Amino acid sequence: KNKYFDRVLTLKTQLGSIYHKLGHYENAEKCYLSALDFEEKIGKWQKHLLIQSYRELGILYTRQKNWTKAQKMLKKAVNISLEVEDIIASIDSLWSLGNCFAKQKHFDKAIQTYLKAEELLIKHNYPSKLRKIIISLGYCYKQVDNNEKYEYYKEKLFNEQELDWRDDM
């Protein structure tokens with residue numbers, strides 16, 4: 001038996017990511033699923049190792065428009081990341097789940113999901129991730145004709161960019 005399953009899980013996930021980026025989706029899926037086969041061997045203190053596999057598999061299924069599987073995998077990534085209190089993984093997983101909803105034109109669900117990510121960003125002060133959430137929220141509010149919220153997030157994005165510009169001086 002392999003005592004180093006945590007390393008094997010990580011390597012299989014990384015290999016899946018490489019296949020994914022190369023457009024070899026079938027191989028990517030096999031790698032992610034193979035990595036997730038180790039879930040039962042993982043102790044509670046190592047559950048964080050599963051997050052990337054679930055998230056990447058959810059992104060792959062989103063790309064393939066396999067919405068049911070995508071949502072299932074992304075929700076699993078969100079739940080595990082919240083359970084182990086990995087805030088950055090929670091934000092990234094929520095963003096990916098929001099994207100899955102937005103691509104299906106379920107903008108209300110996408111907005112709710114992005115707002116949860118924004119709440120975590122603000123609560124835990126992770127400004128580096130804020131721009132993508134602001135853009136996503138602005139896009140969704142525009143799609144549902146909520147011009148007031150759209151303008152709010154457009155202004156917020158402008159203010160973020162202005163702060164970045166000042167920091168570079």
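Source: prediction; values computed, not measured. Here, residue 1 is the first one in the sequence, and each next residue gets the next number.
Atom NZ of K129 is surrounded by more than 12 heavy atoms from other residues, nucleotides or ligands within 6.0 Å. Under a cut-off of 6.0 angstrom, the local environment of OH in Y19 is sparse, with at most 12 non-hydrogen atoms contributed by other residues, nucleotides or ligands.
Taking the side chain as every heavy atom from C-beta outward, Q71 and K76 never approach each other to under 4.5 Å. The closest side-chain heavy-atom distance from Y54 to L36 is below 4.5 Å. Side-chain atoms of I59 and H20, non-hydrogen and from C-beta on, do get closer than 4.5 Å to each other. In this structure, L9 and S53 have side chains that are in contact, with non-hydrogen atoms separated by less than 4.5 Å. Side-chain atoms of L82 and L120, non-hydrogen and from C-beta on, do get closer than 4.5 Å to each other.
Salt bridge absent: K116 and E119 never bring a charged side-chain N and a carboxylate O closer than 4.0 Å.
Atom CD of E118 sits about 11.5 Å away from atom CD1 of I111, to the nearest 0.5 Å. Summarising the geometry, atom CD belonging to Q112 is positioned 11.0 Å from atom SG belonging to C140; distances are rounded to the nearest 0.5 Å. Here the straight-line distance linking atom CG of N79 with atom OG of S90 works out to 9.5 Å at 0.5 Å rounding. The structure places NZ of K65 at 10.5 Å from CD of Q104, a figure rounded to the nearest 0.5 Å. A distance of 7.5 Å separates CG of D6 from CD1 of I42, quoted to the nearest 0.5 Å. Remark: Y114 OH to L94 CG distance equals 10.5 Å, nearest 0.5 Å.
Taking each heavy atom of I51 and A89 in turn, the nearest pair found is CG2-CB, 3.8 Å. What you find for D108 and V144 is that their closest heavy atoms are OD1-CG1, 4.2 Å. Scanning all heavy atoms of the two residues, the minimum distance from A110 to A102 falls at CB-N, 3.8 Å. Scanning all heavy atoms of the two residues, the minimum distance from T113 to K109 falls at OG1-O, 2.8 Å. Heavy-atom minimum distance, I80 versus K47: CG2-O, 3.6 Å.
Residues I18 and L57 do not share a hydrophobic cluster, clusters being chains of Ile/Leu/Val/Met/Phe/Trp/Tyr side chains in contact below 4.5 Å. There is no path of hydrophobic side-chain contacts, each under 4.5 Å, that joins W67 to Y25. Residues F38 and L33 share a hydrophobic cluster, clusters being chains of Ile/Leu/Val/Met/Phe/Trp/Tyr side chains in contact below 4.5 Å. Y152 and L130 fall within the same hydrophobic cluster, where Ile, Leu, Val, Met, Phe, Trp and Tyr residues are linked whenever their side-chain heavy atoms come under 4.5 Å apart, directly or through other members. By the criterion of side-chain heavy atoms lying less than 4.5 angstrom apart, applied directly or through intervening Ile, Leu, Val, Met, Phe, Trp or Tyr residues, L157 is grouped together with I133 in one hydrophobic cluster.
Looking at S96 and R55, their side chains do bring a donor and an acceptor atom within 3.5 Å of each other. With no hydrogens or angles considered, a side-chain donor-acceptor pair links Y61 and E29 at under 3.5 Å.
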Verdict with supporting geometry, Q143 and Y150, side chain to side chain donor-acceptor pair (under 3.5 Å): CA-CA 9 Å; Q143 297 307 307; Y150 169 73; over 6 Å; no

Side chain to side chain contact (heavy atoms under 4.5 Å, CB included) assessment of N99 paired with T62: CA-CA 8 Å; N99 291 345; T62 298; 5.8 Å; no

Steps toward side chain to side chain contact (heavy atoms under 4.5 Å, CB included) verdict (L137, L115): CA-CA 8 Å; L137 279 163; L115 286 172; 4.0 Å; yes

Working for side chain to side chain contact (heavy atoms under 4.5 Å, CB included), residues K156 and R131: CA-CA 9 Å; K156 195 170 182 174; R131 180 173 286 120; over 6 Å; no

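Of the possible polar contacts, one joining the Y32 side chain to the S17 backbone as a donor-acceptor pair under 3.5 Å is found. With hydrogens and angles ignored, the 3.5 Å screen pairs a side-chain donor or acceptor of S81 with a backbone N or O of V78.
Remark: Y141 pairs with Y153 by the ring pair (Phe, Tyr, Trp, His ring centres under 6.0 Å) rule, at least two apart or across chains.
A cation-pi arrangement is found for K132 relative to W95, the charged atom lying closer than 6.0 Å to the ring centre and inside a 45° cone about the ring normal.
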